[in-house]
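Here the structure comes first, spelled out in structure tokens, and everything after it is commentary.
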Amino acid sequence: MALVPYDGQVLSGLKRFHNSSTTYTFSNHTIRIKQDWKELGVAAVVWDAAVVLCMYLEAGGVNLQGRSVIELGAGTGLVGIVAALLGGDVTVTDRDMAMEFLKSNVYDNLPKELEHRMSVKPLNWGVGLENYSPFDVILGADIIYLEETFQDLLKTLIHLSSEHTVILLSCRLRYQRDHNFLDMMRKHFTVDQVHYDKNLDVYIFKAWKRLREEF
């Protein structure tokens with residue numbers, strides 16, 4: 001969600017992030033994602049957590065057919081595109097400054113006949129939540145990394161969830177603060193690890209609102 005421009009030499013080992021585009025195949029569609037690390041930083045490259053989440057969705061990890069789906073911190077839009085290809089009615093969100101980049105990737109890759117399933121909207125976590133109602137499915141790939149956003153992210157997840165909502169968060173657990181956020185979530189949600197990609201060191205957690213009697 002945070003847009004952090006980086007000097008090209010800061011993480012020189014991550015050369016793939018400096019490629020202007022990257023290509024994937026999901027749901028029998030070729031998806032060509034534009035990247036712009038220099039201008040938009042972390043929001044404008046495809047992270048491994050997004051790819052692993054797409055693979056999990058494609059494998060049937062959760063049924064998206066005809067369900068309302070929102071992606072938080074969508075970045076390049078890859079996860080949202082795949083969710084729409086799999087039958088979801090998808091809203092992809094990120095901060096205002098990422099909108100044009102996000103829209104470009106989404107509508108360059110989504111078949112015309114599926115455009116009615118997709119909307120692209122700005123959403124700053126914790127702000128303007130009254131404009132959003134609960135969704136059936138909430139998706140997030142590598143959005144657990146800035147500790148200062150954790151309270152707003154949690155507030156957003158709570159607002160967007162009903163007792164029937166399924167949340168899928170794909171991430172690396174790099175630091176103790178990442179575990180701390182999952183502990184914060186567990187005060188309001190049941191949280192289970194449902195997948196681990198050992199090659200990419202990416203976890204997927206599934207969460208749903210705890211019933212009152214569980215408290």
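Position 1 is the first residue of the sequence, and the numbers go up from there. For the numbers below, each heavy atom of this structure counts, side chains included, while hydrogens, waters and symmetry mates do not.
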Here the pair of heavy atoms bringing L139 nearest to V137 is CD2-CG1, 3.7 Å
message: Let me check something: do Y175 and L153 share a hydrophobic cluster, defined by ILVMFWY side-chain heavy atoms less than 4.5 Å apart, either directly or through other members?
response: no
Is there a donor in the side chain of S21 and an acceptor in the side chain of R32, or the other way round, less than 3.5 Å apart? yes
- Query: Are S104 and K34 linked by a side-chain donor-acceptor pair shorter than 3.5 Å?
  - Reply: yes
Tested for side-chain contact (heavy atoms from CB on, under 4.5 Å) against V191, the lone hit among M184, R210, M185 is M185
Next item on the list: Please indicate whether D192 has more than 12 foreign heavy atoms, meaning atoms of other residues, nucleotides or ligands, lying under 6.0 Å from its CG.
Entry: yes
Here the gap from T91 atom OG1 to K121 atom NZ, rounded to the nearest 0.5 Å, amounts to 5.0 Å
d(L160 CG, L72 CG) to nearest 0.5 Å is 6.0 Å
Exercise. Can you tell if the side chain of L154 reaches within under 4.5 Å of the side chain of F181, non-hydrogen atoms only?
Worked result: yes
Between R172 and the options D178, D197, D48, the side-chain hydrogen bond (donor to acceptor under 3.5 Å, both in side chains) test singles out D48
Original post:
Below 4.5 Å, heavy atoms only, C-beta onward: do F189 and L157 meet side chain to side chain?
Top reply: yes
In terms of heavy-atom contacts, I144 and C171 come closest through CD1-SG, 4.3 Å
Smallest heavy-atom separation, G77 atom then V106 atom, equals CA-CG2, 4.4 Å
Stepwise side-chain contact (heavy atoms from CB on, under 4.5 Å) test for I81 and V90:
CA-CA 8 Å; I81 292 166; V90 182; over 6 Å; no
task: Keeping the roles fixed (side chain from S27, backbone from H29), state whether a donor-acceptor pair exists under 3.5 Å.
output: no
Rounding to 0.5 Å, atoms CG (N63) and CD (Q65) come to a distance of 6.5 Å
CZ (R177) and CD (E147) are apart, to the nearest 0.5 Å, by 6.5 Å
Taking the six-membered ring for Trp, are Y132 and F135 parallel (under 30°), tilted (30 to 60°) or perpendicular (over 60°)?
-> tilted
Given M55 and F26, is the side-chain contact (heavy atoms from CB on, under 4.5 Å) satisfied, shown in steps? CA-CA 8 Å; M55 294 168 62; F26 288 107; 3.8 Å; yes
For T76 and L102, the nearest pair of non-hydrogen atoms, with its separation, is C-CD1, 3.8 Å
Any carboxylate oxygen within less than 4.0 angstrom of a Lys/Arg side-chain nitrogen, looking at R186 and D183? yes
Tightest non-hydrogen contact, residues S162 and P134, listed as N-CB, 3.9 Å
**Request:** Find out whether I167 and L169 are in side-chain contact, i.e. whether some heavy atom of one side chain is under 4.5 Å from a heavy atom of the other.
**Result:** yes
- Query: Mind checking whether Y107 and Y24 sit in one hydrophobic cluster, side chains of I, L, V, M, F, W, Y counted as touching below 4.5 Å?
  - Reply: yes
- Looking only at atom types and distance, does a side-chain atom of R117 sit under 3.5 Å from a main-chain N or O of A84, one as donor and one as acceptor? yes
By salt bridge (Lys or Arg N to Asp or Glu O under 4.0 Å), E115 pairs with (sequence neighbours left out) K112
Is there a donor-acceptor contact under 3.5 Å linking the side chains of S68 and D136?
yes
When you compare the side chain of M99 with that of V120, does any pair of heavy atoms fall below 4.5 Å? yes
### Query
Does a side-chain N-to-carboxylate-O contact under 4.0 Å join R174 and D201?
no
| request: Group every Ile, Leu, Val, Met, Phe, Trp and Tyr by side-chain heavy-atom contacts under 4.5 Å, then state whether W125 and V127 land in the same group. | output: no
Exercise. Distance-only, no hydrogens or angles: does the T93 side chain make a donor-acceptor pair with backbone N or O of E71 under 3.5 Å?
Worked result: yes
Query raised in the report: Is V92 close to V69 at the side-chain level, that is, under 4.5 Å between some pair of heavy atoms?
Result: no
Check: I31 and L85 side chains under 4.5 Å, non-hydrogen atoms
yes
Kindly indicate, with the supporting measurements, whether the criterion side-chain contact (heavy atoms from CB on, under 4.5 Å) is fulfilled by F205 and L168. CA-CA 6 Å; F205 293 93; L168 291 176; over 6 Å; no
When rounded to the nearest 0.5 Å, the distance separating CG of L78 from CG of N109 is 8.5 Å
Heavy-atom nearest pair, F101 first then Q35, reads CZ-CA, 4.0 Å
Please answer: with hydrophobic residues joined when any side-chain heavy atoms are less than 4.5 Å apart, are V194 and V62 in the same cluster?
-> yes
Rounding to 0.5 Å, atoms CG (N124) and CG (D152) come to a distance of 9.5 Å
Margin query: Quick one, V166 and I138 - any side-chain contact, counting heavy atoms below 4.5 Å?
Written below: no
Test item: S170 side-chain N/O and A49 main-chain N/O as donor-acceptor pair under 3.5 Å:
yes
| Q193 vs I204 side-chain heavy atoms within contact, under 4.5 Å | no
